[in-house]
Amino acid sequence: EAAASVTGRSGGGGAGRGQSGAHPVAQRQAEQVRRVDGRCRMRRSLIIDVVVRIVFHSALVLSLFLLFAGHNQPGGGFIGGLVAGAAFALHYASGGIDAVRQGMRVRPWTLLGIGVIAITATALMPLAFGNAALQSEIYKFHLGPLGDPKLTTPLFFDTGVYLVVVGMVLMLFEAFGETMLDGDAT
């Protein structure tokens, strides 16, 4: 009996696992949780924070590259939006929903709404000029020493798709990222 209390183990079926009765892994996990503003939060990892700071902005730039290169090459608004969503997922893994909210100054449903408006306007605008719906147009500009860039209407459609995908990913984080306050469990 005395040896069992010193080592924190007893011969019984798992009831005597230390003085608190909890498994050591559960105790470590409970120590990582801290309460802030009535919500439970996990302790942040320095390694994950540094990796996210390095990767986040690079992933956003990659998503914009995929958006702009997508009409003539592999990529587009959907793939670019998924890469941007993955960047925000890293941000969410690092700091939770509050870090994502600080990273995005615009609410997710606003992005979603702007994207749907851009898609609808791009699809229906040619009808106003007597053309078929979703008809593509190419506009060329001369910018002197900067070259002659062209702007196509599918870029506006892809931008709308990009905003819809990013808005949906961020709305998922809003929906699943909220923590329940004490007493909210039913």
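- One finds the CH2 atom of Trp109 at 12.5 Å from the CE atom of Met168 (value rounded to the nearest 0.5 Å).
- Summarising the local packing, CD1 of Ile47 is surrounded by 12 or fewer heavy atoms from other residues, nucleotides or ligands at distances under 6.0 Å.
- Outside the 6.0 Å centre-distance limit, the rings of Phe78 and Tyr162 are not counted as a close aromatic pair.
- How far CE of Met125 is from CZ of Phe156: 10.0 Å, rounded to the nearest 0.5 Å.
- The nearest pair of heavy atoms linking Ala118 to Thr122 is O-OG1, 2.7 Å.
- No side-chain heavy atom of Pro126 sits less than 4.5 Å from a side-chain heavy atom of Leu134.
- Val61 forms part of no hydrophobic cluster, judged by ILVMFWY side-chain heavy-atom separations under 4.5 Å.
- Think of Ile138 as one node in a network of Ile, Leu, Val, Met, Phe, Trp and Tyr side chains linked at under 4.5 Å; it has no links at all.
- Side chain of Gln135 to main chain of Ala132: a donor-acceptor pair is present (N/O by atom type, distance under 3.5 Å, no hydrogens or angles).
- The shortest distance between side-chain heavy atoms of Thr152 and Tyr139 does not fall below 4.5 Å.
- Atom CE of Met104 sits in a crowded spot, with more than 12 heavy atoms from other residues, nucleotides or ligands closer than 6.0 Å.
- Considering all non-hydrogen atoms of both residues, Ala87 and Ala59 come closest at CB-CB, 3.6 Å.
- Atom-to-atom distance recorded for Leu62:CG and Ile79:CD1 is 11.0 Å, nearest 0.5 angstrom.
- Using a 4.5 Å cut-off between side-chain heavy atoms of Ile, Leu, Val, Met, Phe, Trp and Tyr, with links allowed through other members, Val51 and Phe56 fall into the same hydrophobic cluster.
- When atom types are taken as modelled, the side chain of Ser94 and the backbone of Val52 share no donor-acceptor pair closer than 3.5 angstrom.
- Residues Val55 and Leu90 meet the side-chain proximity criterion, which asks for heavy atoms closer than 4.5 Å.
- Side chains of Phe88 and Leu60 form a contact here, defined as non-hydrogen atoms less than 4.5 Å apart.
- You'll find the side chain of Leu127 stays beyond 4.5 Å of the side chain of Asn131, heavy atoms only.
- Contact check for Asp158 versus Phe68: no side-chain heavy atoms found under the 4.5 Å cut-off.
- Note that CZ of Phe176 and CE of Met171 are 11.0 Å apart. Values are rounded to the nearest 0.5 Å.
- Taking each heavy atom of Pro154 and Ser136 in turn, the nearest pair found is CD-OG, 3.4 Å.
- Each salt bridge (Lys or Arg N to Asp or Glu O under 4.0 Å) pair with one or both residues in residues 105-131, not counting sequence neighbours, appears once here: Arg107-Glu174.
- Contact check for Asp148 versus Phe141: no side-chain heavy atoms found under the 4.5 Å cut-off.
- Without hydrogens or angle criteria, Thr159 side chain to Leu155 main chain gives a donor-acceptor distance under 3.5 Å.
- Linking Ile, Leu, Val, Met, Phe, Trp and Tyr residues whenever their side-chain heavy atoms come within less than 4.5 Å places Leu64 and Val166 in a single cluster.
- In this structure, CG on Leu112 lies 9.0 Å from CG on Leu163, to the nearest 0.5 angstrom.
- Ile119 and Ile117 are members of different hydrophobic clusters when ILVMFWY side chains are connected at heavy-atom separations under 4.5 Å.
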